[in-house]
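Worth knowing before you read on, the calculation uses all heavy atoms, side chains too, and leaves out hydrogens, waters and symmetry mates. The structure displayed is predicted, hence computed values, not measured ones. FYI, the numbering just counts along the sequence from 1.
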Amino acid sequence: MTRVALFLSLRILWNLAIKAALATASGWALVGPVNARANPVEDAFPEFDNVTYLAGGKISTQGSVRFRPCRVHDPDRQHYQSMDCGYLIVPENPAVPTGRQLTLFVGRLPAIAREAQPDPLLVIDGGPGSAASETFIMPGRGLEKIRQNREMYIVDQRGTGKSGRLDCDVDEELEPADEVDLAQLTRECLAQLDTDPRFYTTAIAVNDLEQVRRALALEQWNIYGVSYGTRVAQEYLREFPGAIRTMVLDGVLPPQITLMPRIALESQRALEQLITRCANNGDCRTRFGGLETGIASLFSALEKRPITVVVDPFVSAEDGTYTLGKDELTMLVRLSLYNSATLAILPLTLHEAYANNNFLPLARSAKKLLGKLENTFANAMHNSVMCSEDFVGFDPASLENLHLENTYIGADQVRDFMTLCELWPTGAVGPNFKKPVISDVPVLLISGSVDPITPPEYAALAAKHLTQNHQIVVEGFGHGVAAIGCMPRLMARFVQRASAAGLDEQCLAALKPDPFFIDFNGPSP
């Protein structure tokens, strides 16, 4: 499971004909509300995956969108959320309103307080390929205080979750060894799709969001976007500034940044920060001395000879085997760097492997992590966004200047994606898509100082052209900081006042990341 694992894992790394339809003399603009079809009263509610409509539930209407009480769960059935489920029908190709239609899932969570403000909150998930209806039903996302007096809308971006999920089944038994095999895998993936991948891009997704807002008859809404969702949110702000009252960007990706080639560089930086932090910690230094050398030797050993480990599954009672190679280790290290909790145990699990020849903790973690990703990301939608927005016009010669070979991820990932993108149909991006977003809408930009993919410098770059910006960096934390400490209260106050004036951030100063696990009993007492 080498290149297949890579093909699958590309989802987690993170837009020609449409251009003529979308572009206007002033740039990219809304095609027009006539392209979205309000839900006819006589229409039955559509069946959505992982949605159960409540029997006898009262149907309500917001604008022209009807809602019916429902329960939504994630694909792993670990989290459930009661809400109102609605939908909006839009054309797959905005230039052909009578062509193939897409049904967008529109979820609504009521405000906790009895009286709700007129401007709700719209949440935009990351990925690309992740569905808002699956991640924002999990507890502890840090948005409850905003929802105290505002409704929250959960709209699955086209190609994700319940909105025409664009995904390919990939035979995990295949082990393509080179670019020829990877190209064949890409062709097989495309052959599975009965849709046109060119229409699953950020620009068209933004158009969908505006269609939803208009159908809901909302004057404005507030936006929270995380990770790739910050790219979507900024593009929405660029194209439809009057639709947005405030914006919170969490783990900021400015439009000027071409993400994919930089992933390895930023992740290497985060790994080095982890090694330094361990070296500066007495217990971690004593227990896991030589961490940097040990990690390097582990990557080298698994590249030469993958290890097959008997892994007891977390859920079933059956034993199984798992082969841990360099690709699996790369993915595990990379994703563990995102979160303070997984980062805290990473030195221990790595040390167990390179020092004690105990690969079970690493194999178990990798198996669980990659299995979960397969259920939550739409890989073909991810490819459409990445190929249309990050690799069109990309100069392969620039790879040499990035020195990706000096990182633990290396340059193969980018080269493989270049092979994939040579075959993947790409949509158009507007002439301003890669330019900074200029706006006077209040924007709060939040980051973790050790974010392995969207460092605080990216937020500072985006903030330069946002006249009412305010940036907060949480020291010692990684990707996605909305739920950390007092951040939920700070975000709620910012949204309530539409201003960062008087925002007291001292409550963040005392926060510390999770302490390192010294052994499997936990950190030092």
Side-chain angles (χ1 to χ4, degrees), residues 11 36-90 92 100-112 120-141 143-144 147 151-167 169 194-195 200 205 208-209 211-213 215-216 218 221 224 226 229 372-382:
R11 293 171 290 183
R37 186 153 63 92
N39 309 325
V41 173
E42 63 274 20
D43 279 355
F45 279 83
E47 293 186 4
F48 290 113
D49 289 340
N50 307 321
V51 169
T52 302
Y53 292 109
L54 301 184
K58 182 179 179 181
I59 293 174
S60 60
T61 301
Q62 172 70 44
S64 60
V65 180
R66 293 187 306 145
F67 290 92
R68 183 174 170 184
C70 63
R71 277 192 100 196
V72 178
H73 62 80
D74 66 312
D76 294 330
R77 292 181 176 272
Q78 294 185 355
H79 303 283
Y80 291 79
Q81 177 69 59
S82 296
M83 64 174 74
D84 296 326
C85 289
Y87 66 101
L88 188 71
I89 298 172
V90 296
E92 181 183 64
R100 186 178 186 276
Q101 304 292 295
L102 270 174
T103 300
L104 301 178
F105 174 81
V106 182
R108 179 179 65 186
L109 287 164
I112 297 170
L121 175 70
L122 170 70
V123 294
I124 305 177
D125 203 6
S130 183
S133 71
E134 295 171 1
T135 58
F136 286 99
I137 63 172
M138 298 179 185
R141 295 301 303 257
L143 302 173
E144 290 77 9
R147 196 186 144 204
E151 292 180 330
M152 189 167 110
Y153 282 94
I154 295 173
V155 181
D156 278 355
Q157 182 171 339
R158 63 167 57 199
T160 74
K162 314 176 200 325
S163 297
R165 179 177 171 125
L166 205 61
D167 208 1
D169 290 329
D194 61 354
T195 58
Y200 292 80
D208 288 341
L209 294 177
Q211 301 280 16
V212 172
R213 184 190 69 83
L216 292 168
L218 298 172
W221 51 13
Y224 167 83
V226 60
K372 187 175 182 63
L373 286 172
E374 290 177 21
N375 289 333
T376 54
F377 278 82
N379 53 17
M381 181 274 186
H382 178 276

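A distance-only check finds a donor-acceptor pair linking the side chain of D156 to the backbone of A132 [under 3.5 Å]. Panel note: side chain D167, backbone N379; a donor-acceptor pair is recorded below 3.5 Å. Between the side chain of R66 and the main chain of Y87, no donor-acceptor pair closer than 3.5 Å is present. With hydrogens and angles disregarded, no donor-acceptor distance shorter than 3.5 Å links the side chain of R147 to the backbone of L121. Using a distance-only test at 3.5 Å, with no hydrogens or angles considered, a donor-acceptor pair links the side chain of S163 to the main chain of F105. Side chain of S130 to backbone of D125: no donor-acceptor contact under 3.5 angstrom is found.
Residues that satisfy the side-chain hydrogen bond (donor to acceptor under 3.5 Å, both in side chains) test with E92, not counting sequence neighbours, are R100, Y200.
In plain terms, the two heavy atoms of H79 and P139 that are nearest each other are ND1-CD, 3.5 Å. Of all non-hydrogen atoms in R71 and S82, the two that sit nearest each other are CG-OG, 3.6 Å. Of all heavy-atom pairs between L88 and A215, the closest is CD1-CB, 3.8 Å. Residues F377 and G127 approach most closely at CE2-CA, 3.4 Å, considering heavy atoms. Nearest heavy-atom pair across A378 and T160 is CB-CA, 4.5 Å.
Pairs of residues two or more places apart, or lying in two chains, that qualify as side-chain hydrogen bond (donor to acceptor under 3.5 Å, both in side chains) and include a residue from residues 48-62 are S60-R108.
Summarising the geometry, atom OH belonging to Y153 is positioned 15.0 Å from atom CD1 belonging to I124; distances are rounded to the nearest 0.5 Å. Distance check: L166 CG to Q157 CD gives 11.0 Å after rounding to the nearest 0.5 Å. Between L122 atom CG and L209 atom CG the span is 5.5 Å, to the nearest 0.5 Å.
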Practice problem: Evaluate the criterion side chain to side chain contact (heavy atoms under 4.5 Å, CB included) for residue pair Y224 and M152; output intermediate values, then yes/no. | Solution: CA-CA 10 Å; Y224 167 83; M152 189 167 110; over 6 Å; no
Exercise. Give the C-alpha distance, both sets of side-chain angles, the deciding distance and a yes or no for side chain to side chain contact (heavy atoms under 4.5 Å, CB included) between W221 and V212.
Key: CA-CA 11 Å; W221 51 13; V212 172; 4.1 Å; yes
Quiz item: Taking it one step at a time, do R158 and V90 satisfy side chain to side chain contact (heavy atoms under 4.5 Å, CB included)?
Solution: CA-CA 10 Å; R158 63 167 57 199; V90 296; 3.8 Å; yes
Quiz prompt | Step-by-step side chain to side chain contact (heavy atoms under 4.5 Å, CB included) determination, L109 to Q81 | solution = CA-CA 9 Å; L109 287 164; Q81 177 69 59; 3.5 Å; yes
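Between T103 and F48, some side-chain heavy-atom pair lies under the 4.5 Å cut-off.
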